[in-house]
Amino acid sequence: MLDPLVPGAPVLVAGGGVTGRAVLATLTRYGADATLCDDDPATLRKYAETGVPTASMSTATQQISDYALVVTSPGFSPRAPVLVAASAAAVPIWGDVELAWRLDATGYYGPPRRWLVVTGTNGKTTTTSMLHAMLVAGDRRSLLCGNIGSPVLDVLDESAKPSDFLAVELSSFQLHWAPSLRPEAGVVLNIAEDHLDWHSTMAEYTADKARVLNGRVAVVGMDDSRAAALLETAPAPVRVGFRLGEPAVGELGVHDGQLVDRAFADGQPLMPVASIPVPGPVGVLDALAAAALARSVGVPAEPIADAVASFRPGRHRAEVVAVADGIRYVDDSKATNPHAAEASVLAYPRVVWVAGGLLKGASVDAEVARIAPRLVGAVLIGRDRAEVAEALSRHAPDVPVVQVVTGEDAGMDATAVVCGASVVEVAKVDDSGQTIGTRVMTAVVAAARDLARPGDTVLLAPAGASFDQFSGYADRGDAFAAAVRAAIR
């Protein structure tokens, strides 16, 4: 199962970020002869200074036949030149998850763990965190890892804590490079347009997500048409659905205000809907998905309910920043695609929507059409704000829209009208030391406060990635929260 990975084997590690560091550490302990390649000279220098053999991307690509195996970071798509070269030379390509799965399955870390894997376009982190809490509450020895924080390799390599289960969040990138993964149970929460700048087509994106259904138990969200379509053809011998409505036999769902299990029991009540701390239908769906995985490995109803009742969502996930003058300010910066933003908006009756950023090739039109009745205003930021503005002009023409732009990309007078929207120009960074992100969010909050009325929610649910103006979704959320607190002082 580990072939061609043997002690002394020449292995190329593609990418020197968090994942690359974890891969290098594992391969070094295993005894492989690892070389790191990266397209950033500063990263290569950092590793070279610690004695790690390094190569530029171009050199690694030219010398690809010298390696028995490539272990890639998930950010590299199949179209990356070094991976194209490896494929052409018939050099196997694994991701870090593939490496972790193979090592664990062969007993390298002791008795193999039972992997419970969560994927989907949205809701992965909350569901995985809930699942881990349910396992722990049910006296199962569980480790939390994957896309949620620590790489699986780090958790397996460094954990002194005995474990029987891994609660693993995996992205489509990670799953693409993990073809042999066979989890104990896996769930596909939902599938919507996202990362089409990485995946060539929606079909390929969907196929990568579906890899979590190759184990013993396959779980899918039945209210999502793309996810539901995967259940019939899932290789898993046990197939389970979950839905917001009444569950059929073989499903979990909602009956008389209770989450109930008709897959692993005959209508066993699990918890009241009212006890779920994540707002809106998305919170119910996440709890159902986590419960399905927990029930698949025998966790009783009581610890599942206790875990959810005491659960607290992570930062930047429907996080209430403040309530002032009857207006609620919510940071859901983790809503980095249109599908996630739609679910976030639909959790509140009246919303001033803060949106924009990098749409990554996804369309926002259908989602805007569905959330239009909830919107009382919109404040748009980032590179792809015009696409959001155009969708709003078609589906919510009466909703006031303010675009906040930086001086360098305004290209227009600050009072110009675009798609019926006001435009507020934010000057470029000056000597005050404030970042452009801070200045943007200061203007965002000022505009949102003008649009909001008591009872409204000012909601940062951007529908796009943040890297055009911020270092990440956390930086964007922090800037929003800081601007809110400064404005209401």
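Below, each value reflects all heavy atoms present in this structure, side chains not excepted, and no hydrogens, waters or symmetry copies.
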Query raised in the report: Hey, mind stepping through D96 and T19 against side chain to side chain donor-acceptor pair (under 3.5 Å) and telling me if it holds?
Result: CA-CA 7 Å; D96 65 303; T19 299; 4.5 Å; no
**Report entry** Residues L116, L135; criterion side chain to side chain contact (heavy atoms under 4.5 Å, CB included); working and verdict
**Finding:** CA-CA 10 Å; L116 303 176; L135 293 169; 3.9 Å; yes
Requested in this report: List the steps, then state whether side chain to side chain contact (heavy atoms under 4.5 Å, CB included) holds for L175 with V97.
Outcome: CA-CA 8 Å; L175 286 164; V97 173; over 6 Å; no
Query - CA sep, side-chain torsions, deciding dist, call: D478, F470, side chain to side chain contact (heavy atoms under 4.5 Å, CB included) - result: CA-CA 10 Å; D478 287 341; F470 303 89; over 6 Å; no
Requested in this report: Please assess I381 against Q469 for the test side chain to side chain contact (heavy atoms under 4.5 Å, CB included), listing each intermediate value before the final yes or no.
Outcome: CA-CA 9 Å; I381 62 173; Q469 294 178 317; 3.9 Å; yes
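Here the side chains of V219 and L252 are not in contact, with every heavy-atom distance at 4.5 Å or above. Residues F165 and H132 fail the side-chain proximity criterion, which asks for heavy atoms closer than 4.5 Å. Side chains of Y473 and P462 form no contact here, defined as non-hydrogen atoms less than 4.5 Å apart. No side-chain heavy atom of V282 sits less than 4.5 Å from a side-chain heavy atom of T126. Proximity of M57 to F76: side-chain heavy atoms (C-beta onward) are separated by under 4.5 Å at one or more points. No side-chain heavy atom of V212 sits under 4.5 Å from any side-chain heavy atom of V187. Side-chain contact between V308 and M134 is present, with at least one heavy-atom pair separated by less than 4.5 Å. Annotation: side chain of R394 is not in contact with side chain of V368 (no heavy-atom distance under 4.5 Å).
Expressed to the nearest 0.5 Å, how far CG of L170 lies from CH2 of W101 amounts to 11.0 Å. In this structure, OG1 on T128 lies 4.5 Å from CD on E169, to the nearest 0.5 angstrom. Rounding to the nearest 0.5 Å gives a distance of 10.5 Å between CD of E251 and CG of L288. Note that the CE atom of M130 and the CG atom of L293 stand 12.5 Å from one another [nearest 0.5 Å]. Note: F173 CZ to D208 CG = 10.0 Å, rounded to the nearest 0.5 Å. Note: H395 NE2 to L375 CG = 12.0 Å, rounded to the nearest 0.5 Å.
Put simply, the side chain of Q174 gets close to the backbone of S171: a donor and an acceptor are under 3.5 Å apart. With R239 contributing its side chain and E232 its backbone, the two residues share a donor-acceptor pair below 3.5 Å. The backbone N or O of L44 sits nowhere less than 3.5 Å from a side-chain atom of D38 that would complete a donor-acceptor pair. Between the side chain of S363 and the backbone N or O of D365 there is at least one donor-acceptor pair closer than 3.5 Å. Using a distance-only test at 3.5 Å, with no hydrogens or angles considered, no donor-acceptor pair links the side chain of R140 to the main chain of A137. Side chain of D325 to main chain of I327: no donor-acceptor pair is present (N/O by atom type, distance under 3.5 Å, no hydrogens or angles). Listed for the D468 side chain is a donor-acceptor partner under 3.5 Å among the backbone atoms of R383. Between the D456 side chain and the R453 main chain, a donor and an acceptor come within less than 3.5 Å of each other. The main-chain N or O of A474 is never found under 3.5 Å from a side-chain atom of S333 such that the two would form a donor-acceptor pair. Under a 3.5 Å cut-off, the side chain of W353 and the backbone N or O of A461 do form a donor-acceptor pair.
Side chains of Q268 and D261: no donor on one and acceptor on the other come within 3.5 Å.
Annotation for V117 and P183: closest pair CG2-CB, 3.7 Å, computed over non-hydrogen atoms. When all heavy atoms of L189 and K124 are compared, the closest pair comes out as CD1-N, 3.7 Å. Annotation for V152 and C145: closest pair CG2-SG, 4.0 Å, computed over non-hydrogen atoms. Considering every non-hydrogen atom in both A396 and A372, the closest pair reads CB-CB, 3.9 Å. Heavy atoms only, all atoms of each residue included: G377 and L451 are closest at CA-CD1, 4.2 Å. The heavy-atom pair separating G120 from K209 by the smallest distance is O-NZ, 2.9 Å.
No option in V351, N122, L459 other than L459 meets the side chain to side chain contact (heavy atoms under 4.5 Å, CB included) test with S344. Partner of H316 under the side chain to side chain donor-acceptor pair (under 3.5 Å) criterion, out of T125, T336, D331: D331 alone.
Within a 6.0 Å sphere centred on CD of E246, heavy atoms belonging to other residues, nucleotides or ligands number more than 12.
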